[in-house]
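Only one structure is covered here, and it is reproduced in the block below.
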Amino acid sequence: MASPGSIRPVRFQGPKGTRDFYPAEMARRRYIEQAWRTVSIRHGFDEIEGPTFESADLYAVKSGEAILGELFQAFSGKSPEEVEQVRSTGRAPYALRPEFTPTLARMFADRAASLPRPTKWFAIPIHYRAERPQRGRLREFLQWNADVIGEESPQADAEVIALAVGLFTELGLSGRHLTVRLSNRDLVSELLIESGVGEADLAAALTLLDRRDRMAAEEFARSCCQIGLDAAALAARLGEVQGEMNSALAAMENGGAMPPIARKSPAIGQLRGLIEALGAQGILKWCEFDFSIVRGLAYYTGTVFEVTAAGERAVAGGGRYDRLIASFGGPPTPAVGFGMGDVVLSLVLEEHGLMPEGERLAECLGTRPDAFVVSAGDESSDAVVAPLVAELRRAGLHARRSYKATKKIDKLLKDAAACYSRFAVILDETCSTGNVQVKNLDDGSQDTVMRTQLAQWITQHRSRAHV
RNA sequence: GCGAUCGUAGCUCAGUUGGUUAGAGCACCUGGUUGUGGUCCAGGGGGUCGGGGGUUCGAGUCCCCUCGAUCGCCCCA
């Protein structure tokens with residue numbers, strides 16, 4: 001038996017790219033989660049959740065092989081076959097989820113027959129990616145996901161975009177801070193083919209386009225040649241259509257009619273419909289077309305979009321994935337959705353001074369105590385603290401007490417103010433007569449209240465303060 | 001996975017060309033200013049200077065490795 005003195009303490013650091021949430025950080029996290037949840041529900045979305053790990057194949061098949069390198073792998077270690085698989089292939093049967101869409105598609109496919117159309121779901125899952133942490137990117141983070149499943153019209157696209165915009169508005173952000181950049185993969189594909197790309201190279205061409213801004217010009221040109229892409233012709237076509245669509249968007253925003261679009265194609269039809277639907281949602285001023293946006297994921301089909309802020313990574317991103325649910329064995333079902341991570345969003349909020357703190361944050365979260373009980377008298381009033389706090393709690397109030405030994409009222413009130421309590425309940429000599437002093441810490445007023453009436457008194461005065 | 005910069009108390013940082021038992025402010029705890037809230041004063045707890053190895057009579061200070069952090073690259077769901 002080792003004596004306590006022989007135990008050698010070992011200090012651990014949290015794993016790379018993870019965060020510890022102490023009360024202050026947890027309050028900020030809850031502020032964001034609360035906004036996500038409140039706005040989702042307001043827009044008619046129902047909350048779901050799935051497992052934090054899934055079969056690795058779920059991601060490999062639909063998201064693209066490239067994702068595998070960024071996956072945190074998982075296995076139980078219980079079966080010899082499993083251990084052998086990891087040893088020989090270097091790949092575990094499970095992976096911590098790097099995104100939510102595959103889980104959502106799997107869940108919908110499983111019960112597709114009994115689910116309404118459209119089905120509107122949101123989730124606030126934790127995600128894991130084995131990437132190198134840097135600004136706006138960690139290895140463990142929260143990401144709000146919202147999806148409209150079973151509705152193919154652009155109204156669904158506009159509805160999820162309006163949800164994202166609703167969230168920004170809720171948090172005090174505006175079109176001055178953020179821009180919704182819209183694109184459409186079908187349109188970009190059309191233009192790529194007209195610029196010389198063969199059907200077989202379409203996926204590669206989209207990936208190339210996605211990386212365009214991040215690679216050297218000559219390297220881009222060389223890659224274009226390899227797939228027969230005339231980069232200059234593509235740039236001209238993209239620029240022309242983008243200009244035309246942005247003019248149409250601006251015209252609608254100013255209350256005019258949709259101007260005619262020279263180009264005719266199914267994709268243009270989708271885009272016209274999207275503009276109209278965004279107009280109906282009243283959010284055109286947030287939006288602009290940017291056909292350089294393609295999105296990295298393999299499963300996206302028509303509309304894709306990103307929300308960007310100057311100097312930061314994308315705050316949110318999403319799009320249509322009309323074939324994903326069928327690929328998981330469900331009926332052919334169109335779907336559109338987006339994800340928004342907590343890391344970049346927090347950076348943007350803090351940058352603009354929109355992250356509340358202290359009392360205001362506690363007020364938003366509903367964590368302000370209703371009463372803070374202190375004893376400034378003798379032993380007899382000390383003895384009242386515990387039962388009085390218990391009594392207030394039984395009445396449904398958020399009651400706290402001081403644990404300090406001091407009888408000095410200034411220090412006790414400071415204690416009460418430190419947790420942003422609405423009222424301080426002071427037990428002094430008047431305690432023996434059945435009365436307590438109740439001080440309103442917001443306006444400084446003070447009343448003498450009978451102890452037996454205290455819970456009711458605070459409940460009334462608290463609710464009055466709220467109204 | 002690669003590169004650059006950094007790593008001293010819970011937080012923000014001092015710490016002089018390597019030289020006695022490593023400091024300050026804030027925070028925390030206790031007490032005082034004899035009784036009403038982010039004052040003031042005095043004490044106190046808390047650091048094997050990220051970890052390991054090396055150079056040296058002696059290392060927070062120099063060298064190597066490692067782990068983290070920040071910012072880029074790769075990638076970006």
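B/rA14 and B/rG3 have their C1' atoms separated by 31 Å, with the value rounded to a whole Å. Between B/rG23 and B/rU36, the distance separating the two C1' atoms is 37 Å to the nearest Å. B/rG60 and B/rA22: their C1' atoms are spaced 8 Å apart (whole Å). Comparing the same atom, P, in B/rG10 and in B/rG45 gives a spacing of 15 Å after rounding to whole Å. Rounded to a whole angstrom, the distance from the C1' atom of B/rU48 to that of B/rG44 is 22 Å. Comparing the P positions of B/rC49 and B/rU21 gives an interatomic distance of 14 Å, to the nearest angstrom. Here, B/rG1 and B/rA9 have their P atoms 28 Å apart, quoted to the whole Å. Look at the P atom in both B/rG47 and B/rU8: the space between them is 16 Å, to the nearest Å.
Of all nucleotides present, none satisfies the Watson-Crick or G-U wobble test against B/rC49 with each distance under 3.5 Å. Pairing partner, B/rU34: none, since no Watson-Crick or wobble contact has both distances short of 3.5 Å. Across all strands shown, B/rC74 forms no Watson-Crick or G-U wobble pair with both key distances under 3.5 Å. The pairing partner recorded for B/rU17 is none, the criterion being a Watson-Crick or G-U wobble arrangement whose two distances lie under 3.5 angstrom. In this structure, B/rG25 forms a base pair with B/rC11, meeting either the Watson-Crick or the G-U wobble geometry with both donor-acceptor distances under 3.5 Å. Under the Watson-Crick and G-U wobble criteria, each requiring two contacts below 3.5 Å, nucleotide B/rU5 is paired to B/rA69.
Checked against a 6.0 Å centroid threshold, the rings of A/Phe75 and A/Tyr94 do not count as neighbours. With ring centers used as reference points, A/Phe423 lies under 6.0 Å from A/Trp457.
Atom pair A/Gln134:CD and B/rG72:C1' shows a separation of 7 Å (rounding to whole Å applied). The interatomic distance linking A/Glu99 (CD) with B/rA77 (C1') rounds to 4 Å, in whole Å. As rounded to whole Å, 15 Å separates atom P of B/rG38 from atom NZ of A/Lys408. When rounded to the nearest whole Å, the span between CZ of A/Phe305 and P of B/rA77 equals 12 Å. As rounded to whole Å, 13 Å separates atom C1' of B/rG72 from atom CZ of A/Arg135. In this structure, the CD1 atom of A/Ile409 is 9 Å from the P atom of B/rG37, given to the nearest Å. Here B/rG38 presents its C1' atom at 18 Å from CZ of A/Arg360, a figure rounded to the nearest Å. One can place CG of A/Asp443 at 18 Å from P of B/rU36, the figure rounded to the nearest angstrom.
In summary, the side chains of A/Gln270 and A/Asp186 do present a donor paired with an acceptor at a separation below 3.5 Å, with no hydrogens or angles considered. A donor and an acceptor atom, one from each side chain of A/Glu288 and A/Thr179, are nowhere located under 3.5 Å apart. Counted by atom type alone, A/His398 and A/Arg400 present one or more donor-acceptor pairs between their side chains at under 3.5 Å. Counting only N and O atoms by type, the side chains of A/Tyr321 and A/Asp147 include a donor and acceptor under 3.5 Å apart.
Interface remark: the A/Gln446 side chain does form a donor-acceptor pair with the B/rU36 base, using a distance-only criterion of under 3.5 Å. A/Arg137 contributes a side-chain N or O that forms a donor-acceptor pair with the base of B/rC75 under 3.5 Å. In terms of polar N and O atoms assigned as donor or acceptor, the side chain of A/Lys411 never comes within less than 3.5 Å of the base of B/rG35 in a complementary pairing. A donor-acceptor contact under 3.5 Å is formed by the side chain of A/Glu429 with the base of B/rG35.
Residue contacts shown for A/Ala405 are limited to sugar-phosphate atoms, with no base heavy atom under 4.0 Å away. Among the atoms of the strands shown, base atoms are found under 4.0 Å from some heavy atom of A/Asn440. A/Gly337 comes within 4.0 angstrom of no nucleic acid atom, judged by non-hydrogen atoms across all strands. Residue contacts for A/Gln437: at a heavy-atom cut-off of 4.0 Å it reaches no nucleic acid atom on any strand shown. Within the 4.0 angstrom heavy-atom criterion, no nucleotide atom of any strand lies near A/Gly14. At a threshold of 4.0 angstrom between heavy atoms, the contacts of A/Asp415 with the nucleic acid are absent.
Listed pair A/Lys404 / B/rC28 fails the phosphate criterion, with no side-chain N or O lying under 4.0 Å from OP1 or OP2. Checking the phosphate oxygens (OP1, OP2) of B/rA77, a side-chain nitrogen or oxygen of A/Arg295 falls inside 4.0 Å.
Distances were taken from every side-chain heavy atom of A/Glu131 (C-beta onward) to each of B/rG68, B/rU33, B/rC75; the shortest belongs to B/rC75. Checked against B/rG37, B/rA77, B/rU36, the side chain of A/Leu441 finds its nearest nucleotide in B/rG37. The side chain of A/Arg132 sits closest to B/rG1 out of B/rG1, B/rG35, B/rG68.
Nearer to the 5' terminus of RNA chain B, by closest-nucleotide assignment, is the contact made by A/Lys439 (compared with the other of A/Lys439 and A/Pro133).
Taking 4.0 Å as the cut-off between side-chain N and carboxylate O, A/Arg19 and A/Glu25 do not count as a salt-bridged pair.
For the pair A/Arg106 and A/Phe328, the cation does not sit on the ring face, since its NZ or CZ is not both under 6.0 Å from the ring centre and inside 45° of the axis.
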